[in-house]
Amino acid sequence: MTETFDALTRLVAAGDVVVLSGAGLSTESGIPDYRGPSGAARRHTPMTYQAFTRDPQARRRYWARSHLGWRMIARAAPNAGHHAVARLQAAGLLAGVITQNVDGLHTAAGATGVVELHGRLDEVTCLDCGNLTSRDELDRRLREANPGFDAHVAHVNPDGDVDLPDEAVAGFRTVDCGICGTGMLKPDVVFFGETVPAPRVAECFTRVERARALLVLGSSLTVMSGRRFVIRAAKHGIPVAIVNQGPTRGDGYAAVALDAPLGATLTALADRVAGPTPRPGPAGAGLAPTAGQPAAV
């Protein structure tokens with residue numbers, strides 16, 4: 001493992017690295033992934049765009065579950081892995097950050113210019129008028145429309161959905177757009193059966209093709225949404241490094257593959273190539289700047 005970590009260090013230290021992150025990077029923030037060691041298997045089928053837009057009952061079930069799941073996502077704070085990525089970027093070693101996650105934790109940790117491939121849970125869009133509002137505002141409106149609504153949540157999925165029996169959501173009331181008054185609201189994330197906007201995908205391909213290396217963090221690369229960037233990098237002769245717990249479907253393309261905990265590994269990596277994390281000074285001397293701020297998603 002030491003030799004592999006050294007190879008990873010050399011790759012990142014050379015700079016112009018694009019990061020591609022997945023759900024495994026957020027598990028240490030208390031958000032389980034689907035396939036890693038802390039993954040939580042779903043007991044219901046993920047919501048599809050078609051069901052959400054065509055079936056009022058499916059939409060009601062989704063919003064009831066997501067209303068509870070959002071509370072857990074909103075409390076999540078960036079972990080050591082997110083802060084390490086922000087430190088690498090601040091040190092000028094990254095050419096970009098692409099994330100498959102919708103939790104906003106990269107930005108909360110201080111990273112800038114993050115391409116959020118699948119959108120963000122902290123924003124809500126109206127499918128009729130296109131108005132974009134904050135999830136906090138929707139949360140307030142849903143609480144007012146459903147006083148006393150609560151249910152036990154065993155775990156939350158990476159997309160903010162939770163597992164609840166149908167009887168637990170009986171009577172839950174959804175709300176329409178607060179701007180146009182009648183529009184259907186949807187979290188500004190890409191659902192199953194929905195495509196990532198083409199300009200966003202094109203931007204990601206451009207970043208990868210211009211990079212000197214691609215660093216995959218916490219993604220099993222099971223779905224093509226993320227794996228296509230690994231394939232594109234390999235096609236252009238761009239070295240790929242992967243840090244993940246467990247095997248990935250991109251291991252065959254990787255010049256470096258490290259099976260290790262993300263937080264500790266990325267912190268050690270950042271310490272090696274970007275310098276140690278600033279520590280608080282002596283009493284009365286004030287605090288050293290930190291890598292980021294508490295989660296605001």
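If you're wondering where the values come from, they're calculated on a predicted model, not measured in any experiment.
Residues Val18 and Leu215 have side chains not in contact (no heavy-atom distance under 4.5 Å, counting atoms from C-beta outward). When side chains are defined from C-beta on, Thr4 counts as touching Val256, because their heavy atoms get closer than 4.5 Å. A heavy-atom distance below 4.5 Å is found between the side chains of Leu11 and Pro239. The shortest distance between side-chain heavy atoms of Arg232 and Leu214 does not fall below 4.5 Å. Within the 4.5 Å cutoff, no side-chain heavy atoms of Val190 are placed close to those of Leu117. Under the 4.5 Å side-chain criterion, counting only non-hydrogen atoms from C-beta, His82 is in contact with Ser29. Ser219 is not listed as a side-chain neighbour of Arg249, based on a closest heavy-atom distance of 4.5 Å or more. Residues Leu20 and Leu221 are in side-chain contact: their nearest non-hydrogen atoms beyond the backbone lie under 4.5 Å apart.
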Q: Could you go through the side-chain hydrogen bond (donor to acceptor under 3.5 Å, both in side chains) check for Asp6 and Thr9 one step at a time?
A: CA-CA 5 Å; Asp6 288 344; Thr9 298; 5.0 Å; no
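The 12-atom threshold is not exceeded at CZ of Arg210, counting heavy atoms of other residues, nucleotides or ligands nearer than 6.0 Å. Counting non-hydrogen atoms of other residues, nucleotides and ligands closer than 6.0 Å to CD of Glu144 gives a total above 12. For CZ of Arg140, the number of neighbouring non-hydrogen atoms (other residues, nucleotides, ligands) closer than 6.0 Å is greater than 12.
Across all their heavy atoms, Met47 and Ala58 have their closest contact at CE-O, 3.3 Å. Closest non-hydrogen pair, Leu121 versus Pro187, comes out as CD2-CB, 4.2 Å. Residues Gly263 and Thr267 share a closest heavy-atom pair of O-OG1, 2.8 Å. Considering every non-hydrogen atom in both Arg87 and Ala274, the closest pair reads O-CB, 4.1 Å. Between Ser26 and Leu105 the shortest heavy-atom distance is OG-CD1, 3.9 Å. Heavy atoms only, all atoms of each residue included: Ala145 and Val175 are closest at CB-CG1, 4.0 Å.
Here the straight-line distance linking atom CE of Met184 with atom OG1 of Thr174 works out to 9.0 Å at 0.5 Å rounding. Atom CD1 of residue Ile238 and atom CZ of residue Arg212 lie 10.0 Å apart, to the nearest 0.5 angstrom. In this structure, the separation between OG on Ser220 and CD on Gln245 is 12.5 Å, given to the nearest 0.5 Å. In this structure, SG on Cys180 lies 5.5 Å from CG on Asp128, to the nearest 0.5 angstrom. In this structure, Gln89 CD and Leu94 CG are separated by 6.0 Å, a value rounded to the nearest 0.5 Å. Put simply, NZ on Lys235 and CD on Glu209 are 8.5 Å apart, with the number rounded to the nearest 0.5 Å.
The backbone N or O of Val102 sits nowhere less than 3.5 Å from a side-chain atom of Glu116 that would complete a donor-acceptor pair. A donor-acceptor pair is defined here as one N or O able to donate and one able to accept, closer than 3.5 Å; such a pair exists between the side chain of Asp251 and the backbone of Thr248. Not a single donor-acceptor pair under 3.5 Å links the side chain of Asn101 to the backbone N or O of Asp103.
Checked against a 6.0 Å centroid threshold, the rings of Phe172 and Tyr62 do not count as neighbours.
Salt bridge Asp136/Arg141: absent, no basic N to carboxylate O contact under 4.0 Å.
Under the side-chain hydrogen bond (donor to acceptor under 3.5 Å, both in side chains) criterion, Ser21 pairs with Thr99, His106, sequence neighbours left out. The side-chain hydrogen bond (donor to acceptor under 3.5 Å, both in side chains) check on Ser225 picks up His118, with sequence neighbours excluded.
A cation-pi geometry, defined here as NZ or CZ lying under 6.0 Å from the six-membered ring centre and within 45° of its normal, holds between Lys186 and Phe191.
Tracing side-chain contacts under 4.5 Å through hydrophobic residues (I, L, V, M, F, W, Y), one never reaches Met224 starting from Tyr49; they form parts of separate clusters. Hydrophobic clustering places Val230 together with Ile98 (ILVMFWY residues linked when any side-chain heavy atoms are closer than 4.5 Å, directly or through intermediates).
The side chain to side chain contact (heavy atoms under 4.5 Å, CB included) test with Val124 is passed by exactly one of Asp139, Thr133, Asp188: Thr133.
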